[in-house]
Amino acid sequence: MSDSAPAPAAPSAPAPTAADEHGRPPFGRAILDAVLEGNSVVVTILAIVTAIVLGGLLIAFTNSTVLHAWGNLFSSPGNAIAQAWDAASGAYVAIFEGAIFNPHTVAALFQQKSMSVALHDGTVSAVFNPLSETAVNATPLILAGLSVAVAFRAGLFNIGGQSQFIGGAMVATWLGFGVSLPPVIHVIVCVLGGFAGGAAMGMLVGLLKARTGAHEVIVTIMANYVMAYLLSYLLSKPSLLEKPGANGNLISPNIASDAHLPLLAGTHLRINAGFLLALACAAGVWWLMSRSTLGFEFRTVGANPNAARSAGMSVPRTWILVMLIAGGLAGLAASTVIQGTDFSLNFQSYGTYGIDAITVALLGRARPGGVVLAALLYGALHAGAPLMQASTQTPVDIVQVIQALIVMFVAAPPLIRALYRLRAARAGGTGQVLSKGWNA
Amino acid sequence: MTTLAATGRIPLSVSRRFLAPATLLVLGLVDILVFGKYAHHGDATFAFSQPFAKVTVPNLKVPAAETAYALGAATIVLAALRVMDLGKVVRRLSIGLALAFFVIALLCWAYGGSVNSFNVINQFQGTLADSIPLILGALAGCLCERSGVINIAIEGQLLIGAFAGAIFASAFGVLWLGLIAGSLAGGLIGLLLGVFAITYLVDQIILGVVLNVFVSGLTGYLYDKVLIPYSNTLNSPSTYLPIKIPLLGDIPIIGPVFFDSTLFLYITYVLIVAVQVGLFSTRWGLRVRAVGEHPAAADTVGISVKLTRYRNVILAGLVAGIGGAFLTIGSVGSFGKDMSSGKGYIALAAMIFGRWTPLGGVGAALLFGFTFELQSILSTVNVPVPSDFLLMVPYVATIIAVAGLVGQVRAPAADGQPYITS
């Protein structure tokens, strides 16, 4: 509510102006503007659609049946287009079935004698398995995405998700198999250990930037490789992290079962408390960034370090703290993978989380809510990809292509506007220039 | 000016002044207390010629432990000289010498009392071969960043160059087509980088990372979908054979290292000279650097900032693409998923380590190539040197460099900032 103007004497009927008392245009007008000008939500959706269409074209035109049909384009054009559509839609339907809902599982459910039988033999679980897999895949993406997002809001670019993930994974794994603790405490200690391991890596980056001015992008890229080699070294030493008798397989012992994150929906589904942890962290990050003094400092430093300094904030201290939190979140991502699904650490446990996190944070526009949605989208793509490969012989790498395309389009709103003939935004718009370069 | 303050650069502190001598001291102590003390009794043998060479150079045998002790002592002397701060030459020289001593001491320890000898020629030949993609990547980085566009997409340019090189050389059975296709494919990624960075003002760091993901996904997808089913026709190119340059190639030691290699090494020589001379001794280079340092000033005197940047970004892609083609048709032949395996990031590191200069980048690339080759040679003789630590060297060295422990590293002033006229 605006409290600036004195209350009008007689608020009889609202004047037919374009703006209400909040200074906003009416709802209908706002929607229209959003669609015509392409506000961030519209641009994001169009970016996703464009990427999916391009991915579909790639799927269609690398399919030999489709290419053959297009060879006869002029004799049977309908067939050519139908074949292309079938190839692309088949792959996407398979992703949908693997990630959200598979009708076959419901059919199987109805063939069961009774509900209780279905509950016991896992046919009910099978219905929810795709969603569970999406949540499981999204969990580390949410946490790692938050890591990048927090740093981003403070004007830092955290490409070091991988190194922080490895740092967290090492500590969480070691605490998981090397220490024996009572059940509940063990889980908590391991999760905290994951946070600490990632936070230490992140803080190192922040310290280097604060003390020496070393650009965090360069340091984090290099740290990713240093940590990857350190991990493979530690996994090759039985006295450190190697599983006894692993014979150079570069894998750690399994963590104790009381260090596992508890499952949420029975033993048939992999969804576990890590997902709740990730959502809680998203809420926590929202509170931190939007409601706390510290978050205000983070955002101020991100928006304008000089203004922050003039206002008496310590920029170097902020950098260190931001990277500590960002690293910790990436470390938590490792915790959810080690304690939630993998239960041991190998030399490739870090996967592509570091890079995926960047795409998640960008698609989510560095806002906690956006990060969760983006992570769910990518989680769904990752969850559905194996089924797509199995049923349509479409390599899972297509997911990576779509992921990259989405981010490229999201990052270039003018391109999307030009593609869809949207009007240029009237004021401000979404074409924010984030680039500051090496010297900033 | 304000950005300088924002980076929080602090003048050299007392602790920092003693950091370099302390590092040297540690290196010297490791030479003595680890390599000297734990070396096996006997000699370490260094070979300087390959089997069947026309002119052979006798092997060098040195007592392992004693040599390591002597080198360690020399390093400690260097540390002392460094404390006295005798000027730039001593500063530069001391680090280089200490590293060289360290490597020799390491080899003495590894080969002391062994029947095997360490072949210096193989080491340097391998170093050059390993360095080709790094050098070309670093040159690409220089070309791009000197004009003010950050190029993290070197990794993607190498990967797509390797991919296109293998396919074209294999499908048409003509090697030079592969070379050209690899180069053009790299240039295409450069064009993409240009369109998004220069025209659509996308953050260049994000863009580079995303382009790498894109190329990795695209080549991985096509590899599974197309190259595996048709591997006989599409993914089995022949490779370039070494060409020995007459006369020069017969010089002992130098000949086999520098003048007996594939076409790629010679192209690399040409490009090193071309980029260095081009950027620093021609009108074109002056303009490029002006655009990278102060685009507004360059624009004022009539240089087209966007055109210059586009040209350089594409040029950089073409150069990196050649480096990518080397990975397939210059060495192993067939393409493999993600076969650039971080070489683009090392090239980026080399460029930064070389302070955004072509020659500096080449030096750093050679240094990094040296450590890789050393690692692969040492891993074959089963020496208890943890190879993971040798592989870390380029990355750790770069962190140390950007942290300003070996002098300040500065990017071109306008690097990464889109130029917007309104």
Side-chain angles (χ1 to χ4, degrees), chain A residues 58 62-64 157 159 208-215 217-219 221-226 229-230 232-233 236 305-306 309 315-316 319 352 355-356 358-359 362 389 393-405 407-408 411-415 431 433-440, chain B residues 2-10 145 148 150 152 196-197 199-207 209-214 216-218 220-226 342 345-346 348-349 352 386 388-389 391-392 394-396 398-399 402-405 410-418 420:
Chain A
L58 182 61
T62 48
N63 184 315
S64 49
F157 198 11
I159 303 196
L208 277 174
K209 183 172 176 80
R211 295 292 296 277
T212 70
H215 198 288
V217 168
I218 300 170
V219 175
I221 290 177
M222 301 306 145
N224 287 345
Y225 286 96
V226 172
Y229 287 122
L230 182 65
S232 83
Y233 172 74
S236 66
N306 295 313
R309 192 176 295 106
V315 176
W319 281 338
T352 56
I355 298 290
D356 290 344
I358 298 167
T359 59
L362 290 173
Q389 176 151 24
Q393 285 78 49
T394 308
V396 291
D397 304 69
I398 192 75
V399 168
Q400 220 179 332
V401 176
I402 294 173
Q403 212 170 316
L405 285 174
V407 175
M408 268 155 79
L415 178 62
V433 177
L434 304 156
S435 229
K436 281 184 286 186
W438 290 141
N439 292 322
Chain B
T2 47
T3 51
L4 178 63
T7 55
R9 287 214 174 84
I10 302 163
E145 305 218 355
I150 292 178
I152 294 189
F196 277 87
T199 304
Y200 291 110
L201 315 176
V202 176
D203 183 291
Q204 294 161 12
I205 294 171
I206 293 172
L207 187 59
V209 172
V210 172
L211 277 175
N212 290 342
V213 176
F214 174 71
S216 162
L218 185 68
Y221 175 82
L222 291 173
Y223 176 78
D224 277 348
K225 193 79 191 171
V226 183
Y345 287 114
I346 301 175
L348 178 77
I352 295 166
D388 294 314
F389 285 104
L391 290 170
M392 269 183 213
Y395 308 108
V396 175
T398 306
I399 292 180
V402 290
L405 300 183
R410 303 223 66 189
D415 202 2
Q417 292 165 357
I420 308 162

Is it the side chain or the backbone of A:Leu415 that comes within 4.5 Å of chain B heavy atoms, both, or neither?
both
Should A:Val407 and B:Phe214 be marked as a side chain to side chain contact (heavy atoms under 4.5 Å, CB included) after you check the CA-CA gap, both sets of side-chain angles, and the distance that decides it?
CA-CA 10 Å; A:Val407 175; B:Phe214 174 71; over 6 Å; no
Nearest heavy-atom pair of A:Ala404 and B:Val213: which atoms, and what distance?
CB-CG1, 4.1 Å
A:Tyr229/B:Phe389 aromatic ring centres below 6.0 Å
no
Heavy-atom nearest pair, B:Ile206 first then A:Phe157, reads CG1-CZ, 3.4 Å
If every non-hydrogen atom of A:Ala412 is compared with every non-hydrogen atom of B:Val202, which pair is closest and at what distance?
CB-CG2, 3.5 Å
Once you measure the plane-to-plane angle for B:Tyr395 and A:Tyr225, does it fall in the parallel (<30°), tilted (30-60°) or perpendicular (>60°) bin?
parallel
If every non-hydrogen atom of A:Leu230 is compared with every non-hydrogen atom of B:Met392, which pair is closest and at what distance?
N-CE, 3.4 Å
Please state whether the side chain, the backbone, both or neither of A:Ile358 comes within less than 4.5 Å of a heavy atom of chain B.
side chain
A:Ile355 and B:Asn212, any side-chain heavy atoms less than 4.5 Å apart
no
Scanning both residues in full, the closest heavy-atom pair of A:Val401 with B:Leu218 reads CG2-N, 3.3 Å
Nearest-0.5 Å distance, CG of residue B:Leu348 to CD1 of residue A:Ile218:
7.0 Å
B:Ser216, part contacting chain A, at a heavy-atom distance under 4.5 Å:
both
A:Gln393 to B:Lys225 - nearest heavy-atom pair and separation:
O-NZ, 3.0 Å
Looking only at heavy atoms and a cut-off of under 4.5 Å, which of A:Val226, A:Thr352, A:Ile402, A:Thr359 has the most pairs with chain B?
A:Val226
Contacting region of B:Tyr345 [heavy-atom separation from chain A under 4.5 Å]:
both
With the side chain counted from C-beta on, respond yes when A:Met408 and B:Leu211 share a heavy-atom pair under 4.5 Å apart, and no when they do not.
yes
Between A:Leu58 and chain B, which part of the residue has a heavy atom less than 4.5 Å away: side chain, backbone, both or neither?
both
Check whether B:Leu222 gets within reach of chain A through its side chain, its backbone, both or neither, counting any heavy atom under 4.5 Å.
side chain
Please round to the nearest 0.5 Å and tell me the distance separating atom CD1 of B:Ile352 and atom CE of A:Met222.
5.5 Å
